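Since the structure is predicted, the reported quantities are computational estimates derived from the model, not experimental observations.
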Amino acid sequence: MSIKNVIAILVIVLVLAGGATALYHLDNGEGHRTSHDVSAKTASD
């Protein structure tokens, strides 16, 4: 394998891992953010 192939594979793995991590945080954070927004709206009312 050439060095370009190794770099390409590493970049693809990092991008996939980063995307998976971002989706994981969005899924986990959405309910928390929504409840926080509702709490803030309730407090401001």
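Atom CG of L16 and atom OG1 of T21 lie 10.5 Å apart (nearest 0.5 Å).
When the side chain to side chain contact (heavy atoms under 4.5 Å, CB included) test is applied to V11, the partners found at least two apart in sequence or on another chain are I7, V15. Contacts of S2 classified as side chain to side chain contact (heavy atoms under 4.5 Å, CB included), with partners at least two apart in sequence or in another chain: K4, N5.
Connection of I12 to M1 is not established within any shared hydrophobic cluster, with ILVMFWY side chains joined at heavy-atom distances below 4.5 Å, either directly or through further cluster members.
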